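Please read the structure below before turning to the comments.
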Amino acid sequence: MNICMAHRGWSGKAPENTMAAIRLALAEPAIGGMEIDVQLSRDGVPVLIHDFTLDRTTSGSGLVMDHTLEELRQLDAGIWFDEKFAGERIPTLEEALQAVKGRCTLNIELKATSDMYPGIAEKVLELLERYEMKDEVYITSFDHDLIRQVRQLDATVVTGLIVLGRPVLMLEQLEEAGANILSMGYPYLTRELACEALEKGYKVIAWTIDEPRDMQIVMSWHPEVQVCTNHPDRMLELV
């Protein structure tokens, strides 16, 4: 049965990448996975936020990487979504791990290049080691070098390449990066590619699918295609 993966937590019902969105997703047993985005604060702490700037989803402005954790924690990360979420803060990855441990698969997207956030792979792996969660997570990124770096540091962790578009030799790129997952923007994913990847032992994630009709199409390709969505309720109604 297709796994339902909540995109940035249950971001259709709560502000993305907040503990409120994470808690909502965890409260629904049929959600089998959750995707979050991780960057580093100026003082090197892994935090949950998608954009490289603070402006869209917080009361702050400027680059995430220019702010210390203490400065980030003073920002409101919820009121932009709805007044009832006023006071939500930017969570740390450690807080997310504590909440999710033992409850669902966590897809940690590293929102960076290896040059932008030196040490991000080591810091994330250190937390996974501390909480004994290396077998409960995926680590994914658009940056192939960063995924290669993760694999060199710890070959036991499940890793994936995130792709928007239809690059040539896609499966060869996965093999070259040492990745286990193809995470592809769903408009570019085809039944043929999904099935070929699954037959070769890769996991496949289709993102970000919010329309029930599109969900039905992708789910019909293969029961092991994982569906990443802002609106898990729409998918769960289908299954």
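Quick caveat, the model's predicted, so the values are computed rather than measured.
- Met235 and Cys4 get closest at one heavy-atom pair: SD-CB, 3.6 Å.
- Clustering ILVMFWY residues whenever any of their side-chain heavy atoms sit less than 4.5 angstrom apart, transitively, puts Val218 in a cluster other than the one holding Ile205.
- Remark: side-chain polar atoms of Glu109 are not paired, donor with acceptor, to backbone N or O of Lys111 under 3.5 angstrom.
- Between the Asn180 side chain and the Thr159 main chain, a donor and an acceptor come within less than 3.5 Å of each other.
- Taking hydrophobic clusters as Ile, Leu, Val, Met, Phe, Trp and Tyr residues chained together by side-chain heavy-atom distances below 4.5 Å, Leu189 shares a cluster with Ile162.
- Within a 6.0 Å sphere centred on CZ of Arg213, heavy atoms belonging to other residues, nucleotides or ligands number 12 at most.
- Classification of Arg166 and Glu192 as a salt-bridged pair fails, no side-chain N sitting under 4.0 Å from a carboxylate O.
- Judged by distance alone, with hydrogens and angles left aside, the side-chain atoms of Gln39 form no donor-acceptor pair with the main-chain N or O of Val47 at under 3.5 Å.
- Taking the side chain as every heavy atom from C-beta outward, Pro212 and His231 never approach each other to under 4.5 Å.
- Taken together through direct or relayed side-chain contacts under 4.5 Å among Ile, Leu, Val, Met, Phe, Trp and Tyr, Leu93 and Leu54 form part of one hydrophobic cluster.
- Around CD of Glu83, the count of heavy atoms belonging to other residues, nucleotides or ligands within 6.0 Å does not exceed 12.
- Nearest heavy-atom pair across Pro118 and Asp115 is CD-O, 3.5 Å.
- Within 6.0 Å of CD on Glu132 lie no more than 12 heavy atoms contributed by other residues, nucleotides or ligands.
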Exercise. Do Thr105 and Ile3 pass the side-chain contact (heavy atoms from CB on, under 4.5 Å) test, and can you show the C-alpha distance, the side-chain angles, and the key distance before you say yes or no?
Worked result: CA-CA 10 Å; Thr105 299; Ile3 290 176; 6.0 Å; no

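- Judged purely by atom type and a 3.5 angstrom limit, Asp82 has no side-chain atom pairing as donor or acceptor with the backbone of Ala14.
- Within 6.0 Å of CZ in Phe52 there are more than 12 heavy atoms belonging to other residues, nucleotides or ligands.
- Considering OG1 of Thr57 and CD1 of Ile79, their distance stands at 13.5 Å, rounded to 0.5 Å.
- Exactly one residue among Lys101, Glu126, Gln98 makes a side chain to side chain donor-acceptor pair (under 3.5 Å) with Tyr131. That residue is Gln98.
- Atom CE of Met116 is separated from atom CG of Leu63 by 6.5 Å, given to the nearest 0.5 angstrom.
- Across every non-hydrogen atom of Val239 and Met219, the tightest pair is CG1-CE, 3.0 Å.
- Side chain of Arg42 to backbone of Asp66: a donor-acceptor contact under 3.5 angstrom is found.
- Of the possible donor and acceptor atoms, none in the side chain of Gln216 sits under 3.5 Å from a partner among the backbone N and O of Leu238.
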For this session: For Glu28 and Asp233, run side-chain contact (heavy atoms from CB on, under 4.5 Å): C-alpha distance rounded to whole Å, both residues' side-chain angles, the deciding distance at 0.1 Å, then the answer.
Result: CA-CA 9 Å; Glu28 172 50 71; Asp233 46 322; over 6 Å; no

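- Between the side chain of Arg73 and the backbone N or O of Ile90, at least one donor-acceptor pair lies under 3.5 Å.
- Asp43 and Ser41 share a donor-acceptor pair across their side chains, judged by distance under 3.5 Å alone.
- A pairwise comparison of heavy atoms in Arg151 and Ala177 identifies CG-O, 3.8 Å as the closest pair.
- Between Ile120 and Lys123 there is no side-chain heavy-atom pair separated by less than 4.5 Å.
- A distance-only check finds a donor-acceptor pair linking the side chain of Glu136 to the backbone of Gly102 [under 3.5 Å].
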Problem set entry | Chi angles and distances behind the side-chain contact (heavy atoms from CB on, under 4.5 Å) call for Thr92, Leu127 | CA-CA 11 Å; Thr92 63; Leu127 283 169; over 6 Å; no

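- In this structure, the side chains of Met5 and Tyr138 come closer than 4.5 Å at one or more pairs of heavy atoms.
- Here the side chain of Asp55 pairs a donor or acceptor atom with the backbone of Gly62 at under 3.5 angstrom.
- With a 4.5 Å cut-off on side-chain heavy atoms, Asp214 and Tyr186 count as touching.
- Considering every non-hydrogen atom in both Trp10 and Leu24, the closest pair reads CE3-O, 3.6 Å.
- Residues Val158 and Val225 do not share a hydrophobic cluster, defined by chaining ILVMFWY side chains whose heavy atoms lie under 4.5 Å apart.
- Residues Glu88 and Pro15 come closest through the heavy atom pair CG-CG, 4.5 Å.
- Side-chain heavy atoms closer than 4.5 Å link hydrophobic residues (I, L, V, M, F, W, Y) into clusters, and following such links, possibly through other members, connects Leu72 to Val45.
- With rounding to the nearest 0.5 Å, the separation of NZ in Lys203 from CD1 in Ile181 is 6.5 Å.
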For this session: Might you work through the side-chain contact (heavy atoms from CB on, under 4.5 Å) test for Leu128 and Ile108, ending with a clear yes or no?
Result: CA-CA 11 Å; Leu128 297 179; Ile108 301 170; 4.2 Å; yes

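- Here the CD-NE2 distance, from Glu199 to His222, works out to 7.0 Å after rounding to the nearest 0.5 Å.
- A 4.5 Å side-chain heavy-atom check between Val137 and Leu106 finds at least one atom pair inside the cut-off.
- Two residues are said to be in side-chain contact when any heavy atoms from C-beta on lie closer than 4.5 Å; Leu48 and Thr18 fail this criterion.
- The closest side-chain donor-acceptor pair between Asp210 and Thr229 falls under 3.5 angstrom.
- Taking 4.0 Å as the cut-off between side-chain N and carboxylate O, Lys200 and Glu175 do not count as a salt-bridged pair.
- Looking only at side-chain heavy atoms (C-beta outward), Val204 and Met184 stay at 4.5 Å or farther from each other.
- Put simply, CD1 on Ile49 and CG on Asp37 are 9.5 Å apart, with the number rounded to the nearest 0.5 Å.
- Using a 4.0 Å cut-off between charged side-chain N and carboxylate O, Arg148 and Glu176 make a salt bridge.
- At distances below 3.5 Å, not a single donor-acceptor pair connects side-chain atoms of Asn230 with backbone N or O atoms of Ser11.
- With rounding to the nearest 0.5 angstrom, the OH atom of Tyr202 is 9.0 Å from the CG atom of Leu161.
- The shortest side-chain heavy-atom distance between Arg56 and Glu16 falls under the 4.5 Å cut-off.
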